[in-house]
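Reviewing the structure listed below.
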Amino acid sequence: MRTRTTVRTARLAAGGLSLGLALTLTACGSDDSKDDAAVETETSAPASESASSSAAAPAGDEVEVKIGKTFKDPDMGDTVEVISAVRDFPSTEEADLIADGGEVVLLQVKVKPGKEYGGSVSYSNFDISADGGSDFDSADSQLEEELTAANRTPLDSVRRMEGGETTGWIAYTVDEKGDTYLIEYERPGAKVIGSDKTIAEFKEQVEIPAG
């Protein structure tokens, strides 16, 4: 699967993770790319033939599949609900990828952030794997215009300590269409400057079923 955006470590910094409790935090084991994180998170065109892989199955009509899984970050207090996913999204931008056996997958999530710490939660916290979790790739923010045109609001970044919640869609591109996919939500660990307190990283995985 190709990576359409930056590598994961730098991508998480773009999510704006920062864990302020009237204190400044730094991400554990981070590099300079995470400095921002330390301060406050069908087409029906046939696919090419392949001997024995569902990845080369032809694209079908768009199908929305329900997921309905909710989890909570025990340290940040963020609550995340993975509502549904769309298989075989008929992207014009990625028509060539689809014709070659790839797929555009959409994920709908709702995020209600905690209020104790600062920072934010965004699409960059959610990655996709087509190989059972050995390798994860980032979301494709370049498809936000197509999401909007399809009446699917892209997921906005939502800041902690401000209250409220947000619901939106995230788009992913995969080079080889799979039967199922794995989504991983990741929030890096952090350390409170001036104290011995550390906050462990948090990860949660959710399966996107076949359409």
Side-chain angles (χ1 to χ4, degrees), residues 1-19 27-31 33-34 36-37 41 54-55 64-87 89 102-114 119-144 147 154-158 160 166-190 199-211:
M1 187 192 303
R2 62 182 172 182
T3 301
R4 298 299 301 273
T5 56
T6 56
V7 294
R8 182 167 204 168
T9 51
R11 188 259 316 144
L12 285 168
L17 171 73
S18 58
L19 313 172
C28 292
S30 62
D31 53 25
S33 69
K34 290 188 179 179
D36 181 55
T41 159
S54 62
E64 184 168 354
V65 293
K66 300 299 181 181
I67 299 176
K69 180 172 181 178
T70 300
F71 55 86
K72 185 170 183 177
D73 184 331
D75 295 303
M76 296 298 102
D78 306 328
T79 299
V80 178
E81 179 184 359
V82 182
I83 302 171
S84 64
V86 167
R87 302 293 307 264
F89 179 68
E103 182 182 5
V104 175
V105 181
L106 310 183
L107 187 74
Q108 184 185 33
V109 301
K110 178 191 290 185
V111 179
K112 184 174 182 178
S120 61
V121 181
S122 75
Y123 74 89
S124 62
N125 291 98
F126 300 82
D127 288 337
I128 192 169
S129 174
D131 61 4
S134 297
D135 181 47
F136 284 89
D137 287 337
S138 304
D140 191 342
S141 61
Q142 299 179 41
L143 297 180
E144 288 189 355
L147 286 177
L155 182 71
D156 284 334
S157 173
V158 57
R160 299 185 181 94
T166 187
T167 301
W169 292 86
I170 308 170
Y172 302 92
T173 54
V174 292
D175 286 340
E176 296 183 347
K177 181 178 177 179
D179 183 21
T180 63
Y181 300 103
L182 198 63
I183 294 293
E184 182 170 85
Y185 174 85
E186 179 183 7
R187 189 267 300 153
I199 299 175
E201 70 174 359
F202 174 74
K203 293 183 180 182
E204 187 75 21
Q205 295 184 344
V206 179
E207 183 181 78
I208 296 180

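One is the number of the first residue; the rest follow in order along the sequence.
With T173 as the partner, the side-chain contact (heavy atoms from CB on, under 4.5 Å) test is satisfied by one option alone out of D137, I128, D140: D140.
For A85, the side-chain contact (heavy atoms from CB on, under 4.5 Å) partners are V65, I67, L107, I208, not counting sequence neighbours. Here E201 pairs with nothing under the side-chain hydrogen bond (donor to acceptor under 3.5 Å, both in side chains) rule; sequence neighbours left out. Legend: residues meeting side-chain contact (heavy atoms from CB on, under 4.5 Å) with D73, ordered by chain and number and at least two apart, are D75, M76, D78, R187, F202. For Q108, the side-chain hydrogen bond (donor to acceptor under 3.5 Å, both in side chains) partners are S84, not counting sequence neighbours. Looking at residues two or more places apart in sequence or on another chain, you find no side-chain hydrogen bond (donor to acceptor under 3.5 Å, both in side chains) involving T79. Every side-chain hydrogen bond (donor to acceptor under 3.5 Å, both in side chains) that E204 has, sequence neighbours left out, goes to K69.
Side-chain N or O atoms of R87 include one that pairs as donor or acceptor with a backbone N or O of P209 at under 3.5 Å.
At a threshold of 4.5 Å between non-hydrogen side-chain atoms, the residues F89 and L143 do not count as touching. Here the side chains of S141 and Y123 are in contact, with some heavy-atom distance below 4.5 Å. Between R160 and V121 there is a side-chain heavy-atom pair separated by less than 4.5 Å. Contact annotation: the side chain of V109 never approaches that of Y185 to less than 4.5 Å [non-hydrogen atoms, C-beta and beyond].
The distance from atom NZ of K203 to atom CZ of F136, rounded to the nearest 0.5 Å, is 8.0 Å.
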